[in-house]
S.K.: 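Structure provided below as structure tokens; questions to follow.
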Amino acid sequence: MSDSIQLEGTILKIFPENVISEKFKKREFVLEHAPNPTYPETLKIEVVQDKCDLLDKYKVDDKVVVDLNLKGREWSKGKDGGYINSLQAWRITYTEAKDDQPW
């Protein structure tokens with residue numbers, strides 16, 4: 001069984017790279033995923049470390065397929081702590097061939 005999820009959608013926003021520490025950086029983007037066009041889902045997805053460069057060739061309104069992993073962990077800082085979930089992309093491709101692509 002694989003933990004990978006594949007979503008198709010349209011990029012709505014791309015955020016700049018965010019350097020969290022010397023050893024960790026991430027970049028986020030928003031994908032509109034609409035398996036039911038009447039009720040589209042707006043999802044914030046992140047890429048981390050060396051995958052931050054994946055977003056360099058994409059722009060708002062590009063139609064893409066995103067392969068991602070669902071990540072989660074317990075957060076124990078502070079009095080109450082809590083849980084953190086994230087959608088972490090590891091591959092992004094166009095849904096249609098672009099003129100500048102070799103295929």
S.K.: For Y39, does the OH atom have more than 12 heavy-atom neighbours from other residues, nucleotides or ligands under 6.0 Å away?
M.R.: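 At most 12 heavy atoms, drawn from other residues, nucleotides or ligands, come within 6.0 Å of this atom.
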
S.K.: Report whether L55 and V48 are members of the same hydrophobic cluster (ILVMFWY, side-chain heavy atoms less than 4.5 Å apart, transitive linking).
M.R.: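 Different clusters.
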
S.K.: Quick check: do I11 and I14 have side-chain heavy atoms less than 4.5 Å from each other?
M.R.: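 Side chain of I11 against side chain of I14, heavy atoms only: contact under 4.5 Å found.
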
S.K.: For the residue pair Q88 / N69, report whether a side-chain donor-acceptor contact shorter than 3.5 Å exists.
M.R.: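 There is no such pair between these side chains.
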
S.K.: Hey, could you give me the OG1/NE2 distance between T10 and H33, rounded to the nearest 0.5 Å?
M.R.: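 Reported to 0.5 Å precision, the distance equals 11.0 Å.
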
S.K.: Of the non-hydrogen atoms in P35 and P37, which two are nearest, and what is the gap between them?
M.R.: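 That would be O-CD, 3.7 Å.
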
S.K.: Any chance you could measure I5, atom CD1, to D67, atom CG, to the nearest 0.5 Å?
M.R.: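 Those atoms lie 10.5 Å apart.
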
S.K.: Check for me, please, whether L12 and V47 land in the same ILVMFWY cluster - side-chain distances under 4.5 Å, paths through other members count.
M.R.: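 In one cluster with L12: V47, no.
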
S.K.: Find the distance between CG (L87) and CG (L7) and round it off to the nearest 0.5 Å.
M.R.: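 It is 7.5 Å, given to the nearest 0.5 Å.
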
S.K.: Give the C-alpha distance, both sets of side-chain angles, the deciding distance and a yes or no for side chain to side chain contact (heavy atoms under 4.5 Å, CB included) between T42 and V30.
M.R.: CA-CA 7 Å; T42 305; V30 177; 3.3 Å; yes

S.K.: Just how far is it from atom NZ of K25 to atom CD1 of I20, taken to the nearest 0.5 Å?
M.R.: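 Answer for the NZ-CD1 pair, K25 versus I20, is 12.0 Å.
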
S.K.: Pick from K51, K71, K26: which one makes a salt bridge (Lys or Arg N to Asp or Glu O under 4.0 Å) with E46?
M.R.: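 Filter result, single survivor: K26.
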
S.K.: Kindly compute the distance separating CZ (R27) from CD1 (I45), expressed to the nearest 0.5 Å.
M.R.: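 Going from CZ on R27 over to CD1 on I45, the span is 14.0 Å.
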
S.K.: Please walk me through it: do Q49 and F24 pass side chain to side chain contact (heavy atoms under 4.5 Å, CB included)?
M.R.: CA-CA 6 Å; Q49 302 301 77; F24 185 73; 3.6 Å; yes

S.K.: Rounded to the nearest 0.5 Å, what separation is found between the CD atom of E32 and the CG atom of D61?
M.R.: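 One gets 10.0 Å once the value is rounded to the nearest 0.5 Å.
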
S.K.: Between L31 and V64, does the side chain to side chain contact (heavy atoms under 4.5 Å, CB included) criterion hold? Intermediate values first, please.
M.R.: CA-CA 9 Å; L31 183 78; V64 295; 3.7 Å; yes

S.K.: Apply ring-ring contact (aromatic ring centres under 6.0 Å, His included) to F29 and Y58, showing your working.
M.R.: CA-CA 10 Å; F29 66 103; Y58 298 99; 8.4 Å; no

S.K.: If you group Ile, Leu, Val, Met, Phe, Trp and Tyr by side-chain heavy-atom gaps below 4.5 Å, do L70 and V66 land in one group?
M.R.: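 In one cluster: yes.
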
S.K.: The test is side chain to side chain contact (heavy atoms under 4.5 Å, CB included); show your working for V65 and Y94 and say whether it passes.
M.R.: CA-CA 6 Å; V65 175; Y94 290 106; over 6 Å; no

